2 protein chains.
Amino acid sequence: MAQDRRPAGRSERRAAGERKPREERWAQLLEVATQVFYEKGYDGASLQDIADRLGMLKGSLYYYIQSKEDLLFEVISEVHREGYAVVRAAAASEGDPLDRLERTIRAHVEHACRNLVPTAVFLHELEALPTARREEILGSGHAYQGVFRDLVAEAQNEGLARPDVDPRVAGLSILGSTNWVYRWFRADGPSTPEEIAAQLAAMAVHGVATADALVAREAAVGA
Amino acid sequence: MAQDRRPAGRSERRAAGERKPREERWAQLLEVATQVFYEKGYDGASLQDIADRLGMLKGSLYYYIQSKEDLLFEVISEVHREGYAVVRAAAASEGDPLDRLERTIRAHVEHACRNLVPTAVFLHELEALPTARREEILGSGHAYQGVFRDLVAEAQNEGLARPDVDPRVAGLSILGSTNWVYRWFRADGPSTPEEIAAQLAAMAVHGVATADALVAREAAVGA
DNA sequence: CGGGCAACCTAACGACCGTATGGTGGTCGG
DNA sequence: CCGACCACCATACGGTCGTTAGGTTGCCCG
């Protein structure tokens with residue numbers, strides 16, 4: 001069996017698509033794996049697919065990894081680390097809770113749009129990881145959700161958000177609308193990431209804010 | 001090989017877990033398939049898994065189906081038909097666009113909460129279907145999104161929604177927040193489907209409505 | 001009481017999966 | 001110029017996958 005697939009024109013040692021140093025290949029491997037997981041899903045993707053695109057044999061991948069699962073873990077881990085850092089930074093910035101909420105949503109959406117493929121893999125294939133490794137990435141709590149929930153709760157405490165909204169549900173609503181963008185955003189579409197981010201942020205802020213707070217915000221913009 | 005798995009205590013013709021008439025078994029098959037796809041994903045699930053839970057052998061499934069893909073198609077097709085009908089009915093009901101938007105969101109969320117598993121399979125595994133069969137289900141347009149987008153646009157035309165919101169993005173935002181519930185709703189959680197639906201609907205309405213329209217709505221409730 | 005059909009079973013097919021093991025060519029420091 | 005080592009190749013294993021073809025049972029109808 002000529003390594004499962006590939007014509008394998010007898011033993012002329014294969015076309016040998018350039019040898020590369022380890023670090024460079026590793027980065028390339030992660031990129032290719034991300035793309036393949038995006039296109040076929042984790043279970044649907046095979047190491048063969050990935051190796052093919054790298055111009056090597058699937059067995060050779062084990063020079064870089066211990067198992068297929070390692071690849072998914074690495075891909076997801078990387079994008080989550082980045083995204084979570086971006087969101088936390090925005091949430092901890094200056095200003096009143098509504099301002100920070102708006103900035104956080106925008107940062108989150110813009111990051112998702114600009115890292116569409118890894119984000120999609122993260123959101124779609126996270127549950128393909130065994131529980132232990134999943135929690136190694138997420139931490140034990142619901143990190144993302146918590147950021148939005150806390151910002152809404154804070155706004156509520158300062159009288160900027162309507163008292164009848166449940167911060168928990170509000171946080172999940174925001175998370176849903178922002179995490180949905182990977183399903184419809186297209187770089188060649190009619191809207192830029194910034195425009196979309198601004199729209200989603202504005203809707204969310206209007207969704208939770210009191211009428212008074214909204215009036216105050218418009219006045220501040222006008223000033 | 002004793003049909004791949006199962007101890008198979010020699011040939012005593014297997015425990016024979018009750019024979020059932022076709023229609024009943026077919027319903028049971030769909031239910032089991034839905035559950036298994038939910039737990040393992042379409043690619044991760046095997047016909048063996050499904051057959052095991054039905055107490056039959058995987059080959060016997062082909063008495064009911066032509067291929068594994070048929071199962072996914074049937075499952076997704078059913079839940080989509082139901083859900084879309086519910087949403088369209090609510091969108092076509094009486095009242096001004098904001099009222100109808102609110103009712104539509106509530107109907108959508110309540111339906112999703114009460115059909116959590118099929119909904120999850122629909123949203124998660126839809127893209128596992130080949131394009132042709134996917135469009136057979138969805139129709140060629142973006143049906144769900146269109147309903148929400150049109151309601152927002154209608155509200156805008158009547159001066160009930162803020163002119164600076166993009167109905168397209170607003171529709172997708174609403175779709176995102178409502179389609180996200182399958183990821184966090186638990187029947188044994190602190191909130192009922194109705195409460196969650198009401199919260200999400202209220203946030204969405206506040207997210208797009210003008211200040212005047214909101215005042216008018218509160219007055220109407222008070223009356 | 002016998003024939004037929006519905007609802008399965010039995011058994012196997014070829015393909016492909018992730019993974020292990022040992023080899024092998026080129027490159028580079030000494 | 002030589003040996004070591006890096007980045008792969010070659011090959012194969014055991015297993016599982018979806019799918020097929022033909023058999024077997026029990027119930028129903030006449």
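Just so you know, these numbers come straight off a predicted model, no measurement behind them. Numbers restart at 1 for each chain; the letters A, B, ... are given by sequence-line order, proteins then strands.
- Contacts between residues 63-70 of chain A and DNA chain D, defined by a heavy-atom separation under 4.0 Å, are made by A/Y63, A/Y64.
- Rounded to a whole Å, the CZ atom of B/R19 is 8 Å from the P atom of C/dC9.
- Between the CG atom in B/L123 and the OG1 atom in B/T119 there is a gap of 6.5 Å [rounded to 0.5 Å].
- Distance from the side chain of A/L57 is smallest for D/dA10 among the nucleotides D/dA10, D/dC8, C/dA7.
- Listed by first and then second residue, the salt bridge (charged side-chain N to carboxylate O under 4.0 Å, His left out) pairs involving residues 173-196 of chain A are A/R114-A/E194 (not counting sequence neighbours).
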**Message:** For A/S93 and A/R103: C-alpha separation, side-chain torsions, deciding distance, then whether side-chain hydrogen bond (donor to acceptor under 3.5 Å, both in side chains) applies.
**Reply:** CA-CA 9 Å; A/S93 63; A/R103 269 198 294 273; 3.1 Å; yes
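- Between B/Q48 atom CD and D/dG15 atom C1' the separation is 12 Å, expressed in whole Å.
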**Request:** Begin from the C-alpha positions of B/Q28 and B/E24 and carry the test side-chain hydrogen bond (donor to acceptor under 3.5 Å, both in side chains) through to its verdict.
**Result:** CA-CA 6 Å; B/Q28 200 183 30; B/E24 190 176 338; over 6 Å; no
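- Atom CD1 in A/I50 sits 8.0 Å away from atom CG in A/L54 (nearest 0.5 Å).
- Atom CD in B/E23 sits about 15 Å away from atom P in C/dA6, given to the nearest Å.
- In this pair, B/F122 and B/Y144 present their aromatic rings tilted. The plane angle is within the 30 to 60° band.
- In this structure, A/D49 atom CG and C/dA15 atom P are separated by 18 Å, rounded to whole Å.
- The interatomic distance linking A/D52 (CG) with C/dC16 (P) rounds to 12 Å, in whole Å.
- In the set C/dC17, C/dC8, D/dG18, the nucleotide with an atom closest to the side chain of B/M56 is C/dC8.
- OP1 or OP2 of D/dC9 sits under 4.0 Å from a side-chain N or O of A/S60.
- Remark: B/R25 is not in phosphate contact with C/dA6, judged by side-chain N or O atoms under 4.0 Å from OP1 or OP2.
- The nearest whole Å value for the distance from the CD atom in B/Q28 to the P atom in C/dA7 is 13 Å.
- Note on A/R22: every side-chain N or O is 4.0 Å or more away from OP1 and OP2 of D/dC8.
- Summarising the geometry, the separation between CD on A/E24 and C1' on D/dC8 is reported as 15 Å, rounded to the nearest angstrom.
- B/I137 CD1 to B/L129 CG: the interatomic distance, rounded to the nearest 0.5 Å, is 5.5 Å.
- Between the CG atom of A/L47 and the P atom of D/dT11 there is a distance of 20 Å, rounded to whole Å.
- Relative to the side chain of B/S46, the nucleotides D/dG18, C/dC17, D/dA7 differ in distance, and D/dG18 lies closest.
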